[in-house]
Structure formats: C-alpha cells, structure tokens
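Accompanying notes for the structure given below.
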Amino acid sequence: MDKKLAVGNWKMNLLREEARELSGAIVNLLGEDYEDCQVVLVPPYTALDVVGSCISGSNIELGAQNVFGRTMGAFTGEVSAPMLVDAGCRWVIVGHSERRHILGETDEQIREKVSLSVSCGLKTILCVGETEAQREEAVSRSEDALARKSLLFSPIRTQIESALGPLDEKQVSDIVIAYEPVWAIGTGKNATSLEIEEIHQYITELLAEMFPGSGNNVRILYGGSVKTGNIEKIMSVEEVDGVLVGGASLSVDSFFRIIKSVGG
Ligand code: 13P
C-alpha cells in the first residue's frame, strides 16, 4: 500500500500572494525531505503556478480541484487533463460534492473526467458520499439491518460503479477514493469513527469485487470537517488511508498538525 495522504483542498480561496505564503510556510515547517505521508496541495487554478514553484524541490505534490472530460476544443472556460499535467499537477479531484450539488455535475460527466484524467497519468481523487437525507432515510430503517445497509450504501455504490466502471485493473491503481459525507462538509459535524469505518469497509469490499487484482490497493480517504481536534480519532480508524481537508488546510498551524497526525 502507498503512503498515507494528507490533501489540502483550498476550494475557491486565496489570492496568489496568499497561496504563495501558505505553501511556502508549509514547506518550511515540514522541511523539503518530509516523507512520512504524501502531502498534496490543491489550490484554485489561478494559484497552481505559484504553489508549484513554492513546493518544487520538496516532496509535496500539486493537484487541481476539477478537470473537464475532453482533451481539447471549443469548451469555453474549461481546463483539460493535459493542461493540468502541463501546469505541473500530479493529482486531480473529481466529483467533489460541491461540484455535484452546487454545479450540477452528473455521474456521466464524472465518469468522463475520471477516465481522461487517469489516461493522462493524473492520480485521481474520486469523491463520493451520501447526503443528509439519504443517511436519515437509511437510519430510519434501523430495525431492519439489511434495508438500512442497502439504503446507506446505495449512493456510494452508484457513484463508484459509474465513475470507475470503464477502468481496468492497471488504471485503478491511479485512483484514490475520498469518502466525504455531504452533511459533514464545512458544517463542523464530522462522521463518527463507526460511521467512517462502516462506509470505508463497504468501499473496500466494493473495490475488491470490481477489481479483484488491484482494488485492495486503492487508498480511501475521509473528508468532512477534519480538524486538529478530531484528526487523531479519524486516523485511528484502520481503514482510513488519509484525509481530504477543506477549511483546516487554509491555516498553516492546523494543516501542519493534521499532516503530522497523518504521518504518524
Ligand atoms: P471541510 O474540511 O471544510 O469540511 O471540507 C471538506 C472538503 O470538502 C474537502 O474536499
């Protein structure tokens, strides 16, 4: 299994100078040789170059928050996977819940994005997760364990089967799954260890079923209100291979402490 991952998704935050300061401070604190876990910074497109310069020579890698599902052409405002590679990205996040729910991205679009990203050599973080209503519906069937599980797992199954269906065993080794329950993102309500464990175990089983040869090697991250106060507990869940951090990755102190906890 590859190293554990600490990924900072800065979302639509930070101007270039701020991005330079934050990434520079992280490199300084960690030191260029830090390798206890793989750190990935995911700034907005406009700051990819400055962050790329700041982390160059260190073990920190650069990622993008989105990509378009075609390689080139008349798609005003979009950015393709080869362009991200050209801009220095090794990673890309696909299917983030904010893109699914605010920007209306569909499973079909996400499938195209995943396939192209992987074929361009980008390590691809596929985000999946249930909404609050989906979890509540499942929980309302608690007296019937099978019905509860089936309702709870169904959105995750659909998202993963749809996005990874076209991939082969070799391509799936460039995939990382991020379980981000929609109700936990930016809300301060993070999932409990048991909730995380249950979904991560399910994802592990599903990947092994879909990709018997390599599904076991796919890392599974947790995301959703990860903070310094809960990182130890989250990382103590055996199936958690790292974290995808939003708000807490915008502060040097908190992201540094989170990285150190992930690195162990
Ligand atoms: P928060 O850590 O701010 O809840 O965001 C999580 C997330 O969406 C990371 O991609």
Side-chain angles (χ1 to χ4, degrees), residues 4-14 18-19 22-23 26 37-45 47-48 51 60-67 84 89 91-105 110 113-114 117 122-132 134-135 155-156 159-160 163 175-193 195-196 199-200 203 219-235 237 240-262:
K4 291 202 161 47
L5 275 161
V7 184
N9 173 11
W10 295 356
K11 307 193 179 182
M12 199 176 72
N13 292 293
L14 304 188
E18 297 165 318
L22 179 55
S23 49
I26 292 168
C37 69
Q38 177 62 59
V39 179
V40 183
L41 297 183
V42 191
Y45 288 142
L48 283 173
V51 174
I60 300 175
E61 293 182 341
L62 188 66
Q65 298 174 16
N66 185 31
V67 63
L84 294 181
C89 293
W91 294 81
V92 64
I93 296 175
V94 174
H96 191 280
S97 81
E98 285 146 15
R99 298 215 54 89
R100 292 179 191 265
H101 297 288
I102 304 175
L103 284 308
E105 247 175 45
I110 291 164
K113 292 176 183 218
V114 168
S117 298
L122 286 164
K123 292 182 192 292
T124 303
I125 302 175
L126 171 69
C127 299
V128 300
E130 79 286 359
T131 62
E132 185 154 42
Q134 286 167 329
R135 179 165 281 272
I156 314 267
Q159 289 163 358
I160 293 182
I175 295 288
V176 169
I177 304 279
Y179 169 53
E180 296 206 302
V182 179
W183 48 272
I185 295 178
T187 58
K189 293 195 266 182
N190 69 295
T192 65
S193 301
E195 287 167 342
I196 297 173
I199 301 286
H200 278 229
I203 294 173
R219 284 171 288 181
I220 307 172
L221 314 182
Y222 170 77
S225 296
V226 174
K227 305 267 182 276
T228 51
N230 57 28
I231 183 67
E232 294 288 342
K233 214 164 166 198
I234 292 168
M235 289 309 300
V237 178
V240 171
D241 300 311
V243 282
L244 179 53
V245 188
S249 71
L250 293 169
S251 134
V252 186
D253 291 343
S254 60
F255 195 47
F256 175 69
R257 281 161 64 192
I258 288 170
I259 293 168
K260 286 298 205 176
S261 298
V262 173

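None of the values given here were measured: they were computed from a predicted structure. First listed ligand is number 1; within each ligand, the first listed atom is number 1.
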Nearest-contact summary for [atom] - protein heavy atom, Å:
atom: atom 5 (O) of ligand 1; result: K11 NZ, 3.1 Å
atom: atom 10 (O) of ligand 1; result: H96 NE2, 2.9 Å
atom: atom 3 (O) of ligand 1; result: G247 N, 2.8 Å
atom: atom 7 (C) of ligand 1; result: E180 OE2, 3.1 Å

Ligand 1 contacted by A248 (non-hydrogen, < 4.0 Å): no

Heavy-atom gap G223 to ligand 1 smaller than 4.0 Å: no

From CG (L126) to NE2 (H96), nearest 0.5 Å: 11.5 Å

Point-to-point distance, once rounded to the nearest 0.5 Å, from CD1 of I93 to CZ of R99: 11.0 Å

Side-chain donor-acceptor contact under 3.5 Å, S97 with E180: no

Donor-acceptor side-chain pairing of E130 and Y179 below 3.5 angstrom: yes

Contacting atoms of ligand 1, where contact means under 4.0 angstrom from a heavy atom of N9: 9 (C), 10 (O)

Proximal atoms of ligand 1 relative to G246 (non-hydrogen, under 4.0 Å): 1 (P), 2 (O), 3 (O), 5 (O), 6 (C), 9 (C)

Polar contact flag for E98 and ligand 1 (N/O pairs, less than 3.5 Å): no

Ligand 1 N/O within reach of G186 N/O, cut-off under 3.5 Å: yes

Salt bridge present between K113 and E105 (N-O < 4.0 angstrom): yes

Residues E132 and K189 bridged, charged N to O under 4.0 Å: yes

Backbone N/O of A191 and side chain of Y222: donor-acceptor pair under 3.5 Å: yes

